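Read through the structure below, which is laid out as structure tokens, and then see the notes.
Chain letters run A, B, ... following the sequence lines, proteins first and then strands; every chain starts at 1. Here the structure is a predicted model, which means the values were calculated and not measured.
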Amino acid sequence: MSEKPIDPMAMFNQMLGQFEQGFNEMATKAMGSEDFSRIMNTMGGASMGAKKTMGDMMERYLATMNLPSRQELTNIGERLQAVEARLNEIIAILHRAHPDVGGLVKPTAAPRPPRTRKPPPAGSKA
Amino acid sequence: MSSAASGPAGDITSRVQEEVQRAIQRSIKGVEYFASSAPPVGVTPKDVIYARGPMNLYHYRPLTDEIYRIPLLIVMATTNRGYVLDMAPGQSFVEYLLKRGYDVFMLDWNAPKPDEKRLAFEDYVLDFIPTAVKCVQEDTGEKDVNICGYCFGGVLSLLYAATHAGGPLKNLVCFTTPVDFREMKLFQNFSSQKHFDVDHLVDSAGNVPPELIFTSFEMLRPASRAVSQVHLWENIWNDEYVKSYRMFDRWATDTLPLAGEYFRQTTKRLMWENALYNGTMTVGGRKADLARIKAPILHVVAEHDHIIPYGASRPLIEKIGSTDKEEVMLKGGHISVVAGPNAVKRLWPKLDNWLGGRSV
């Protein structure tokens, strides 16, 4: 009768799995309490307030230095994207109105396969 | 002597040798891990056929000579990126559908901009989804459209279907879609009406930051991230494991912010009032009762879903007005049920069997 050899890695993995399950269960129980909800939301509110105050201060500092904030740069980037999107829409409209005009290439102009497909018969793997 | 070498002592020796090899590989690959960029995701060829505000509508290029008549529009959850359904060749739900002959579109979401903090359910349900449906109809020349919603994309699809009962929705597929929000116990406690001031959060932050969304998901299983990193280190010699880990980790941490008003409505109408379950949900003054939905529906739930527990998704089939309706519970978790090796074997063929015959 042959004994199964000891596999330390398998034992470690089993232990890790048990730890994960046990810890998650314990945490789920703790996080389900009203005290947890109260403390989490109090801390979350305070952290959100502090983040906003810090953000406002930084914005004022950058304005004093005559520098754009990250948000302002992001907004400019987004505006540019919006302009590009509007241009694409205009090109699409022009393409519909004048399909033969050169340069107005519709991005999805590739020919489509026919819409005639039927499901394979039951039991077939194709 | 030779029998001793091939016995238990020999097994241990070869196991030790293997572990030493792996330890060396771990050191080499560990350096590579930090020095290399993450594997590309969402690479199935596609065209953006419409983009406005937070909405991006993709059309994936067909991969077969003949496709089903009715196009399929996938509606992604608003909290995460759509590339979870298109991770990598061979591990892509979208690629699978294309190879099975579907004409696939996806409504994916961008992060809402600060000036879009007032976007609400009305925008998503009465503007973005109908616009996407109209684009699909125009692009394909077909009146009928099938819709497949994942997680909160499923909730939005249900709200759309309930407020557009006259069509053109032909068939509806929902993956892990919550209906009874009381059953999302931890989220209920995190957003307890007694302690959570959603108005203060939205009024001060505008859009809800992605860190908050990410942390809420992580808190559902607080030990799992640390354990997954131990597993990563253990398997870092294995290129396939590392590639898969990086793709899923990238997706999980690539959480989107939520538009402030949309989050406020989610908290008040769904989490606190449970309006979808109670049949009192309205969007822009239109009644969004699940009983109004008559289209055939397939609802796929995951046996070990820690984000949307079964209790939260179970009432969908009972509440919906469709007569052709089916719920299927598959092994796996919230993400593994739709993406990864389990999904390839379980969900994808199941969906193909259900939808193929209904797509002609």
Side-chain angles (χ1 to χ4, degrees), chain A residues 2-9 12-13 16-17 19-28 30-34 36-42 44-45 47-49 51-52 71 74-75 78-79 81-82 84-86 88-89 92 96 106-110 112-120 122, chain B residues 7-8 11-12 15 19 47-53 59 61-62 64-71 101-103 113-115 139-142 185-186 189-192 194-197 200-201 204-205 209 212 219-224 226-227 230-231 234 306 352-353 355-360:
Chain A
S2 66
E3 273 183 38
K4 213 177 167 186
I6 297 165
D7 185 342
M9 290 312 288
F12 172 71
N13 276 328
L16 200 63
F19 160 77
E20 183 185 4
Q21 194 183 353
F23 190 91
N24 283 340
E25 276 171 12
M26 190 184 71
T28 301
M31 287 187 295
S33 70
E34 196 184 327
F36 181 85
S37 175
R38 182 174 48 78
I39 293 165
M40 187 187 100
N41 283 305
T42 308
S47 141
M48 192 60 73
K51 211 172 161 182
K52 189 174 185 306
Q71 191 58 59
T74 309
N75 287 349
E78 283 165 352
R79 290 288 161 212
Q81 279 178 354
E84 277 179 6
R86 298 296 290 178
N88 285 338
E89 279 176 36
R96 277 199 288 272
K106 196 181 173 192
T108 53
R112 298 282 176 87
R115 316 185 76 84
T116 48
R117 189 179 177 91
K118 298 276 180 285
Chain B
D11 284 342
I12 291 172
R15 192 78 180 88
E19 276 310 311
D47 300 294
V48 180
I49 61 166
Y50 190 87
R52 173 166 57 92
H59 176 239
R61 296 179 192 163
T64 52
D65 296 336
E66 198 183 21
I67 54 176
Y68 285 115
R69 181 181 70 80
I70 305 179
Y102 295 88
D103 194 11
K113 302 180 199 81
D115 61 355
D139 194 74
T140 59
E142 290 295 330
K185 306 279 187 201
L186 281 184
N189 203 39
F190 296 164
S191 62
S192 154
K194 205 167 163 188
H195 302 295
F196 178 48
D197 189 349
H200 174 70
L201 172 72
S204 58
L212 194 134
M219 280 170 67
L220 299 176
R221 280 191 176 168
S224 295
V227 169
V230 174
H231 284 310
E234 195 192 329
H306 69 290
D352 183 34
N353 281 339
L355 195 59
R358 291 172 170 86
S359 296
V360 291

Residue, of [options], that accumulates the most heavy atom pairs under 4.5 Å with chain A:
| options | value |
| --- | --- |
| B/S191, B/A223, B/P114 | B/A223 |
| B/H200, B/H306, B/E234 | B/E234 |
| B/D197, B/V227, B/L201 | B/V227 |

Region of B/P209 that comes under 4.5 Å of a non-hydrogen atom in chain A =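 Just the side chain, heavy atoms under 4.5 Å.
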
Heavy-atom distance under 4.5 Å to chain A: side chain of B/D115, backbone, both or neither?
->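 Interface part for B/D115: side chain.
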
Return the option, out of A/G32, A/S37, A/S33, with the maximum number of heavy-atom pairs under 4.5 Å with chain B.
->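 Looking at each option in turn, the highest pair count goes to A/S37.
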
Full working for side chain to side chain contact (heavy atoms under 4.5 Å, CB included) between A/F36 and B/M219 = CA-CA 12 Å; A/F36 181 85; B/M219 280 170 67; 3.4 Å; yes

Taking 4.0 angstrom as the limit, do B/D103 and A/R117 come out as a salt bridge?
->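 The answer is no: the pair does not qualify as a salt bridge.
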
Taking only residues two or more places apart in sequence, or in another chain, which ones meet A/F19 in a ring pair (Phe, Tyr, Trp, His ring centres under 6.0 Å)?
->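 Ring pair (Phe, Tyr, Trp, His ring centres under 6.0 Å) check on A/F19 returns A/F23.
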
Considering residues at least two apart in sequence or located in another chain, which fulfil the ring pair (Phe, Tyr, Trp, His ring centres under 6.0 Å) criterion with B/Y50?
->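 B/Y50 satisfies ring pair (Phe, Tyr, Trp, His ring centres under 6.0 Å) with no residue once adjacent residues are dropped.
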
CA sep, side-chain torsions, deciding dist, call: B/K113, A/R79, side chain to side chain contact (heavy atoms under 4.5 Å, CB included) = CA-CA 10 Å; B/K113 302 180 199 81; A/R79 290 288 161 212; over 6 Å; no

Quick one: closest heavy-atom pair of [X] and [Y], and the distance?
| X | Y | value |
| --- | --- | --- |
| B/G357 | A/P119 | CA-CG, 3.6 Å |
| A/P113 | B/T64 | CG-O, 3.3 Å |
| A/N24 | B/S224 | ND2-OG, 3.1 Å |

Looking at [atom1] of [X] and [atom2] of [Y], how far apart are the two atoms once the value is rounded to the nearest 0.5 Å?
| X | Y | atom1 | atom2 | result |
| --- | --- | --- | --- | --- |
| A/T28 | B/K185 | OG1 | NZ | 13.0 Å |
| B/E66 | A/T116 | CD | OG1 | 3.5 Å |
| A/K118 | B/Y68 | NZ | OH | 9.5 Å |

Do you see a donor-acceptor pair shorter than 3.5 Å between the side chains of B/S192 and A/E34?
->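 No, A/E34 and B/S192 have no side-chain donor paired with an acceptor closer than 3.5 Å.
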
Please test A/R115 against B/T140 for side chain to side chain contact (heavy atoms under 4.5 Å, CB included), starting from the C-alpha separation and ending with a verdict.
-> CA-CA 9 Å; A/R115 316 185 76 84; B/T140 59; 3.7 Å; yes

Result of checking B/L186, B/L220, B/N189 against A/M31 for side chain to side chain contact (heavy atoms under 4.5 Å, CB included) |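 When B/L186, B/L220, B/N189 are each tested with A/M31, the side chain to side chain contact (heavy atoms under 4.5 Å, CB included) holds only for B/L186.
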
